[in-house]
*Asks:* 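Sharing a structure, written as structure tokens. Questions coming.
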Amino acid sequence: MQLVDFGIEISCSYIGMNDEVISEAYKVGSITNAPVFLAFGAIKRTTKRTPSLSPMVVGQFVGWTMIEGDSYGVVDALMPIPVDNELGDPILYFNPGDWVECSGELTLSHKNENG
């Protein structure tokens with residue numbers, strides 16, 4: 001992930017098989033493309049109008065995408081981020097351009113042969 005330094009620190013947990021897999025996939029000191037998403041999250045409308053990543057992801061909703069069979073909302077914040085709505089309202093009606101606030105845990109997914 002490339003992100004302009006906005007003075008925030010981003011920490012991610014990792015969903016994968018074991019420490020050996022992450023050590024091989026993400027080498028310390030190297031630049032690696034990685035799938036990042038907000039897991040165990042919730043999406044709600046907001047009156048905030050400033051894109052941010054901390055402490056909540058705030059941005060404009062741009063639509064839905066499928067990742068490995070699961071539906072994620074895509075939020076254009078300081079970087080576009082897919083967000084699940086596992087802890088939120090199961091029925092959401094957002095239009096592209098709606099401002100939303102998301103909570104959850106930034107997560108690195110296991111890289112497979114597709115990236």
Side-chain angles (χ1 to χ4, degrees):
M1 148 178 73
Q2 291 187 1
L3 184 65
V4 176
D5 184 359
F6 287 95
I8 60 174
E9 180 178 325
I10 298 177
S11 319
C12 294
S13 61
Y14 171 73
I15 297 177
M17 299 169 77
N18 55 44
D19 289 343
E20 184 177 315
V21 172
I22 192 169
S23 297
E24 183 61 32
Y26 303 106
K27 300 200 181 304
V28 174
S30 66
I31 296 174
T32 305
N33 288 328
V36 177
F37 59 95
L38 199 67
F40 312 112
I43 308 172
K44 65 179 183 178
R45 281 190 174 81
T46 186
T47 58
K48 297 178 183 176
R49 296 293 185 268
T50 304
S52 69
L53 287 177
S54 179
M56 301 287 205
V57 174
V58 174
Q60 290 183 294
F61 180 76
V62 296
W64 298 97
T65 189
M66 295 294 289
I67 300 175
E68 298 180 2
D70 294 320
S71 181
Y72 287 81
V74 180
V75 177
D76 189 8
L78 293 180
M79 64 179 189
I81 187 90
V83 181
D84 72 19
N85 194 46
E86 189 170 321
L87 304 178
D89 187 340
I91 300 173
L92 294 174
Y93 299 102
F94 295 125
N95 295 310
D98 286 350
W99 281 86
V100 294
E101 180 176 278
C102 309
S103 60
E105 180 179 323
L106 285 174
T107 305
L108 292 174
S109 179
H110 173 64
K111 294 180 0 175
N112 57 31
E113 60 276 358
N114 298 323

*Asks:* Is it the case that one hydrophobic cluster holds both Val100 and Met56, taking links as side-chain heavy atoms less than 4.5 Å apart, direct or via other members?
*Replies:* no

*Asks:* Quick one: CG on Leu53 to SG on Cys102, what's the gap to the nearest 0.5 Å?
*Replies:* 10.5 Å

*Asks:* Are the side chains of Asp84 and Ile67 in touch, meaning some heavy atoms are under 4.5 Å apart?
*Replies:* no

*Asks:* Determine, using the 4.5 Å side-chain heavy-atom cutoff (strictly less than), whether Leu78 and Val62 are members of one ILVMFWY cluster.
*Replies:* no

*Asks:* If you compare all heavy atoms of Ala42 against all heavy atoms of Asn85, which two are closest, and at what distance to 0.1 Å?
*Replies:* CA-OD1, 3.3 Å

*Asks:* Quick check: is Met79 connected to Val83 through a chain of hydrophobic side chains (ILVMFWY, heavy atoms under 4.5 Å apart)?
*Replies:* yes

*Asks:* Could you check whether any side-chain heavy atom of Val36 comes within less than 4.5 Å of a side-chain heavy atom of Leu106, counting everything from C-beta outward?
*Replies:* yes

*Asks:* Would you kindly confirm whether Val74 and Phe37 end up in one hydrophobic cluster when ILVMFWY residues are joined by side chain heavy atoms under 4.5 Å apart?
*Replies:* no

*Asks:* Kindly indicate, with the supporting measurements, whether the criterion side chain to side chain contact (heavy atoms under 4.5 Å, CB included) is fulfilled by Val75 and Phe94.
*Replies:* CA-CA 11 Å; Val75 177; Phe94 295 125; over 6 Å; no

*Asks:* Examine distances only and state if a side-chain atom of Asp76 and a backbone atom of Gly59 form a donor-acceptor pair shorter than 3.5 Å.
*Replies:* no

*Asks:* Roughly how far apart are Tyr72 OH and Met66 CE, rounded to 0.5 Å?
*Replies:* 9.5 Å

*Asks:* Please answer whether the main-chain N or O of Phe61 pairs with a side-chain N or O of Asp98 as donor and acceptor at a distance below 3.5 Å.
*Replies:* no

*Asks:* If every non-hydrogen atom of Glu105 is compared with every non-hydrogen atom of Thr107, which pair is closest and at what distance?
*Replies:* O-OG1, 2.9 Å

*Asks:* Report the distance from atom OG1 of Thr47 to atom CD of Glu101, rounding to the nearest 0.5 Å.
*Replies:* 8.5 Å

*Asks:* What about Ile43 and Val58, same hydrophobic cluster or not, with Ile/Leu/Val/Met/Phe/Trp/Tyr joined at side-chain heavy-atom distances under 4.5 Å?
*Replies:* no

*Asks:* Which atom names give the shortest non-hydrogen contact between Ala77 and Pro51, and what distance separates them?
*Replies:* C-CB, 4.0 Å

